[in-house]
Each structure stands twice: as structure tokens, then as C-alpha cells.
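The structure displayed is predicted, hence computed values, not measured ones. All values below come from the heavy atoms of this structure, side chains included, with hydrogens, waters and symmetry mates left out. Each chain gets a letter, A, B and so on, in the order the sequences are listed, and its residues count up from 1.
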There are 2 protein chains.
Amino acid sequence: MKRVTSTDVARAAGVSRATVSYVLNDSPDRAIPEATRLKVLAAAERLGYSPYAPARMLRRGRSDVVLLVLPDRPQGPVGHAMIEQMAATLATRGLTLVTHLSTAHGPGVWNAIAPAAVVGGMLFTPEQTEDMRRAGVGVIVPSDEQAAEVRRGESSWSFRIGQAQAAHLIELGVHPIRYALPDDPRLQDLARQRLAGARNACREAGLPEPETAVIPLDLAEAARLVDGWSGGVCAFNDEVALAVLGGLRAHGLRAPDDLAVIGADDIPAARLAAPPLTTVTIDAGHIGHNVACYVIAALSGEPPGPRPDADTIRVIPRASTR
Amino acid sequence: MKRVTSTDVARAAGVSRATVSYVLNDSPDRAIPEATRLKVLAAAERLGYSPYAPARMLRRGRSDVVLLVLPDRPQGPVGHAMIEQMAATLATRGLTLVTHLSTAHGPGVWNAIAPAAVVGGMLFTPEQTEDMRRAGVGVIVPSDEQAAEVRRGESSWSFRIGQAQAAHLIELGVHPIRYALPDDPRLQDLARQRLAGARNACREAGLPEPETAVIPLDLAEAARLVDGWSGGVCAFNDEVALAVLGGLRAHGLRAPDDLAVIGADDIPAARLAAPPLTTVTIDAGHIGHNVACYVIAALSGEPPGPRPDADTIRVIPRASTR
DNA sequence: ATGAAAGCGCTAACAT
DNA sequence: ATGTTAGCGCTTTCAT
């Protein structure tokens with residue numbers, strides 16, 4: 001299978017390679033008569049020509065690819081919607097989004113695809129950042145400053161999810177408040193951030209720190225662990241919340257009377273649980289769009305736009321609280 | 001931010017660019033004395049050199065990137081494990097896996113990254129295949145023959161999942177058997193295949209075709225729709241199954257006594273449901289590994305290996321049947 | 001209005 | 001054992 005090059009198109013159209021390039025990129029300040037234009041376009045179409053990306057990149061010194069590096073954990077519907085919206089927004093500027101799981105097999109992906117920008121679904125190590133810089137990546141998200149904010153626990157969406165959960169329980173006057181952690185090692189980073197948010201909400205309300213417990217996704221174990229609990233519990237996510245609900249059921253108890261339970265992420269199973277699970281959700285599309293806009297701005301050297309609004313997080317009250 | 005090139009390394013090491021290239025790719029049948037080798041390696045390390053992918057691709061005429069194109073629907077834990085394992089296996093051969101959502105914003109991704117192979121999480125249109133060929137993609141999965149098999153409903157894993165569900169119910173002597181479909185439009189293709197598998201199992205057992213019903217992920221709706229059902233139901237996936245279970249509960253009925261329910265995918269919520277949900281699961285790691293091996297073989301021009309074994313699909317019996 | 005030619009960074013065939 | 005050199009396919013400056 002031989003590659004069709006711009007030379008082929010030039011020959012077929014009876015013009016030079018330069019002219020082909022001008023037409024196909026419709027270069028500004030270039031006067032091409034309609035006749036030639038059409039000839040070239042027709043030839044390109046007929047031959048099924050598409051410029052070879054590596055050569056184009058090499059010459060122009062930049063790429064139209066944005067790389068999203070995801071942490072090694074399944075993306076639920078939220079993550080999916082985020083990626084989808086991000087890709088859509090980037091596409092409006094001719095940018096293509098590809099993703100990669102960050103299990104770090106082999107060396108950095110950025111070397112393999114030389115993207116214009118890299119967006120992290122998590123924080124990067126300084127070595128990684130350095131490596132990306134050397135690979136010629138122009139824009140890195142989160143930037144050093146953004147990463148620092150997250151590390152200080154001031155800004156991440158995860159933090160605010162934890163906050164919203166606890167705030168909801170506090171508003172309901174539930175007490176004491178506990179925090180149920182996942183046992184999956186891949187979720188520990190996220191859990192730390194969400195927990196920090198919940199702690200913060202308690203502190204601000206003048207309440208004691210929530211007690212924490214690791215709840216595996218196993219009915220028998222969960223039942224054992226929730227024995228004697230009362231008040232309310234913020235679960236790391238909906239799955240952990242379902243485990244708590246199940247543990248409760250095993251004792252013949254139920255939410256919210258015996259224990260108020262709030263989850264996070266609003267997975268489909270949440271609304272179908274017994275009882276339906278109160279949860280916290282995040283406007284994934286909005287976030288995806290925002291990130292994409294940030295990348296686009298940064299790539300064109302513009303100053304970073306305003307921070308995304310705070311109203312992307314919402315409690316969805318259902319029967320497991322209230 | 002200036003790019004570090006092999007010229008810089010050559011200068012720093014006091015050798016030619018060719019030597020640098022030889023050392024870094026440790027080219028076979030090239031005798032490089034240890035002394036030079038170390039000098040070059042040290043210089044490269046110190047300067048933080050990494051070869052520029054586009055230039056390398058241009059010269060070698062091939063890429064080390066494999067592109068996985070996913071259909072526009074959230075990947076559960078199964079999809080995630082599959083991708084993860086596939087990436088791991090590919091990495092052992094120096095191949096990097098990147099993924100892309102196939103919502104077809106803009107033109108094909110393959111033009112943007114010129115991958116060595118493209119693997120589809122779904123079928124490609126003939127136009128897409130043609131486009132990929134022209135973009136120089138060497139290996140395409142599914143191949144035309146594989147795609148034809150899937151279209152004939154003979155081979156896809158989805159088909160076999162449906163089959164396994166119905167077979168389990170049949171073995172239990174449950175009757176009649178229904179099939180519960182999802183209402184998410186993004187799942188219709190998959191649903192068709194799984195349903196076909198269930199139909200096939202019924203036919204082979206000499207049973208009538210299962211009646212179908214679309215069950216939205218909403219308790220009230222589900223309750224209305226399952227009213228009067230008896231026997232057993234194969235749900236498209238665990239979420240639909242949870243809706244059925246919820247609908248049953250609303251009538252004060254329960255599985256398996258009033259209706260046997262079997263799901264698919266074994267999402268975490270399945271084992272936490274009331275009652276715990278019988279489901280069908282697939283050995284994602286095994287599949288990911290197989291696909292990767294197929295790609296590796298095809299890239300080296302070898303004949304395609306043997307078909308993956310059939311034992312990657314398993315019923316996990318829990319309380320909602322039996 | 002169009003073409004000729006240089007060169008992006010890299011590898012590999014061919015010297016030396 | 002190492003260096004010289006010719007492109008890979010593309011865009012773009014400069015000439016015509």
C-alpha cells in the first residue's frame with residue numbers, strides 16, 4: 001500500500017507541489033485562481049490524498065493533537081461526558097483529542113506522539129513535567145501553580161465534592177458525621193482529596209472531624225463495619241455508599257432513619273438503589289468545555305481565562321438522606 | 001523552549017550524529033566500543049534528549065503508536081481492564097496505545113497521529129476503513145472478515161454474553177424468558193448483539209423467542225413495565241437489571257421467587273444489590289492481551305494467530321437467580 | 001500566478 | 001570504528 005503524497009496530487013493536477021500546498025491549506029495572502037483551485041481539489045479528492053502528519057509536524061514544528069492522560073481507574077459516566085465535551089470543544093479549533101492511561105508502561109507517551117498540549121486527569125511528577133517540556137509540549141495542565149493549589153487542597157473538584165457532601169448532611173442536622181473510604185488502591189489519591197473537603201466543611205461548621213472507615217465493596221464486610229453506626233455518612237463514591245446501604249440492610253436497618261447516607265458521582269445504580277441514594281454530581285460537560293478553552297487560549301499564547309464558576313457541583317437529594 | 005536534537009548530543013559527546021543514532025537505537029551489526037557508548041549515553045542523559053517522534057516516523061516510515069477507537073459510551077471496569085491489559089502487552093513490544101472517542105468530531109484521528117495500527121471498539125464504516133488505508137495504517141482491527149463475522153452475529157463477545165445469560169436461565173428451568181433492553185441510544189448496537197445471543201440460546205433449546213421490553217433506568221417506569229412478569233429475564237446489562245429489580249421491589253415482589261433476573265458486566269453495584277445480582281462477566285484482561293497479540297503479529301506480517309478461546313465468559317451466580 | 005529549493009530531525013546505506 | 005550524506009513528505013521563502 002503506497003502512500004499518496006502531495007507530489008502525486010501535483011502531477012495529477014499538472015501543477016507544482018507548492019501550489020498543492022497553498023490550495024489545500026488555503027494559505028492567506030495567496031491568490032489562486034478558482035480554476036487551479038478546483039483542479040487541485042479534484043485531483044486530491046480523486047487520489048484520496050491526505051497529508052502525512054509526521055511530515056507536516058516536522059515542517060511546521062507543531063502538532064494539532066492534545067493528549068489527555070488519565071489515571072489508572074475506570075472512568076464513569078462523568079469522566080466520559082467530560083472527555084466527550086472536551087474533544088468537541090477542541091475540535092472546533094481543529095485540535096484532536098487522544099487519551100492515554102497513565103500506567104506508565106514504557107516511556108512517556110508524549111515522546112511517541114509529540115502533542116501540542118498535555119492535560120492530566122491527575123497531577124504529574126516534576127520528572128514527568130520536565131520530560132514533557134523536553135519533548136516539546138507547549139501547554140501542560142495542570143500547570144505548576146494549579147498543581148500547587150490542588151496539593152494545598154484548595155481548588156480541586158474532588159475537594160469540593162467532599163465539601164458538598166458534608167455540607168448537605170450538616171444542613172440536615174445529622175450527627176455525628178463519618179466518612180467511608182474505598183479500599184481500591186487506585187482511588188486513594190482521589191479519596192484523600194474528597195475526604196479533605198468533607199473535613200473542611202465540618203471544621204467550618206464547628207463540628208468534630210469525621211471518623212473514617214474503609215468499606216470494601218462486599219456486603220458481609222460492610223455489614224460488620226457499619227455495625228453500630230448512627231447519624232450520617234459521606235461515602236467516597238456511590239459504590240461505597242451502596243456497600244454501606246447493603247451493610248445496613250443486613251442488620252435490618254435502613255437509611256435515612258437509622259443512618260443518613262450520601263454518595264458521589266451519581267452513577268446510574270444510585271437512583272435504582274433501595275432506598276434511592278442521595279448523591280453529589282458535577283457538571284462534567286461544563287468542566288470539559290472549560291478545560292478545552294483553557295488549552296486553546298494557552299496554545300495561542302493568551303492569558304488564562306477566568307477560573308471556572310463554582311456552580312458545577314450539585315447535591316441530588318433522594319431517599320437515603322432527608 | 002528550544003528542542004534538544006541529536007546534533008546537540010553529538011556535539012556534546014564529540015561524535016557524529018550517526019554514532020548517536022546507532023548508540024541510542026543500539027543498532028544490530030554495529031560495533032560501538034563501550035567507551036563511546038557511555039559518552040553518548042551520558043551526553044544524551046545530561047541534555048535530556050529524546051528523539052523527536054515526527055522526524056523519526058518520517059524517516060522510518062512507520063510509527064510505534066497503536067490507536068484504539070472507542071464507541072461513544074462510558075467504559076465500565078471491564079472496558080478499562082481490557083484497555084489496560086492491551087496497553088501493557090503492546091508496551092512489551094515498544095508500542096504505545098492511545099485511545100480516542102469515535103464521536104467523529106472533525107476528520108479521522110488517524111490522519112492526525114499516523115498510527116501503525118487502529119483497533120476499533122466497534123465496527124468501522126467502509127469509508128473509514130478506506131480513509132485509514134490511505135492514511136497509511138498498516139493493520140486494522142476488526143479486519144473486513146472479522147467485521148463480516150460480527151455482522152452475521154457469529155462471533156462477537158457481546159453475542160456470547162447474551163447466549164450465556166439465556167443459557168443460565170434455561171438451565172435453571174425458568175420460563176418464560178424475557179429480554180430487557182436499555183433505552184440509551186448509544187447502547188443500541190451492543191444491545192442488538194446481546195439480544196441476538198439470547199435469542200440464539202432459546203432457539204437452540206427449542207424455546208420460543210424471548211419477548212423484549214425497553215426498561216429505562218427509572219424506578220417508577222420500571223415498576224410499571226415489569227408488572228405481571230414471571231419466569232426470568234435477561235437484562236442487557238447490570239444497570240437495566242437493577243432497574244428490573246427495583247421495579248419488582250415496588251410491587252412488593254422479589255427475585256428470584258417472583259422473577260429470576262440476570263445482568264451482564266458485573267459492575268460493582270451488582271454484588272451490592274438487594275438481592276445480589278447474578279450476572280455474566282468476561283475476562284477483560286484475557287481479551288485485551290489477545291487483541292494486542294493479534295496486532296503485534298499482524299504488524300510483523302505474521303499470519304493471524306488462533307482465535308481466542310471461548311472460556312472468557314462466565315456466569316457469576318448470585319441470589320437474583322437460582 | 002506559479003515554481004524551485006531549502007530544510008525541519010532523524011536513520012541507514014555507503015564510504016572511510 | 002566512525003563519519004558523510006541522502007532523503008522521508010511537507011510548508012514557505014524567494015525568485016520568476
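Only at 4.0 angstrom or more do the heavy atoms of residues 37-46 of chain B sit from any atom of DNA chain D, so none qualifies. Residues of residues 12-24 of chain A having a heavy atom closer than 4.0 Å to DNA chain D, listed by number: A:R17, A:A18, A:S21, A:Y22.
A nucleotide of DNA chain C counts as in contact with chain B when one of its atoms lies under 4.0 Å from a heavy atom; the first and last such, 5' to 3', are C:dG9 to C:dC14.
Regarding contacts with the backbone of D:dC10, a side-chain N or O of A:Y49 is found under 4.0 angstrom from either OP1 or OP2.
Where the helix from C:dA1-D:dT16 to C:dT16-D:dA1 starts and where it ends, the local axes point in directions that differ by 40°; five pairs per end, rounded to 10°.
Salt bridge absent: B:R152 and B:E149 never bring a charged side-chain N and a carboxylate O closer than 4.0 Å. Taking a cutoff of 4.0 Å between a charged side-chain nitrogen and a carboxylate oxygen, A:R37 and A:E34 qualify as a salt bridge.
Distance CG (A:N25) to P (D:dT12): 7 Å, rounded to an integer number of Å. Following rounding to the nearest Å, A:D64 (CG) and D:dT11 (P) show an atom-to-atom distance of 11 Å. Per the geometry, CG belonging to A:D26 stands 14 Å off C1' belonging to D:dT11, to the nearest Å. A straight line from CZ of A:R59 to C1' of D:dG9 spans 11 Å, rounded to a whole angstrom.
Under the 3.5 Å distance criterion, with hydrogens and angles disregarded, a donor-acceptor pair is assigned to the side chains of A:H289 and A:T89.
Summarising the geometry of A:V295 relative to A:A117, their closest heavy-atom pair is CG1-CB, 3.9 Å, with the distance given to 0.1 Å.
The residue among B:L58 and A:R30 whose nearest nucleotide of DNA chain D is located toward the 5' end is B:L58.
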Candidate pair A:L123 and A:R151, rule side chain to side chain contact (heavy atoms under 4.5 Å, CB included), full reasoning: CA-CA 9 Å; A:L123 301 179; A:R151 261 184 274 264; 3.7 Å; yes
Is there a side chain to side chain contact (heavy atoms under 4.5 Å, CB included) between B:D72 and A:E84? Walk through the geometry before answering. CA-CA 8 Å; B:D72 176 28; A:E84 160 58 21; 4.1 Å; yes
Is there a side chain to side chain contact (heavy atoms under 4.5 Å, CB included) between B:V119 and B:V69? Walk through the geometry before answering. CA-CA 6 Å; B:V119 178; B:V69 179; over 6 Å; no
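Applying the side-chain contact (heavy atoms from CB on, under 4.5 Å) criterion to B:R56, with sequence neighbours excluded, gives B:N25, B:P51, B:R60, B:D64. Applying the side chain to side chain donor-acceptor pair (under 3.5 Å) criterion to A:Q193, with sequence neighbours excluded, gives A:S156.
Using modelled atom types, one side-chain atom of B:R3 and one backbone atom of A:A135 make a donor-acceptor pair closer than 3.5 Å. Put simply, the side chain of A:S27 never gets that close to the backbone of A:V23: no donor and acceptor are under 3.5 Å apart. The backbone N or O of B:S143 lies less than 3.5 Å from a partner atom in the side chain of B:Q146, making a donor-acceptor pair.
Counting non-hydrogen atoms under 4.0 angstrom, B:T36 reaches the backbone sugars and phosphates but no base.
In this structure, CD1 in B:I282 is found 7.5 Å from CZ in B:R160, a value given to the nearest 0.5 Å.
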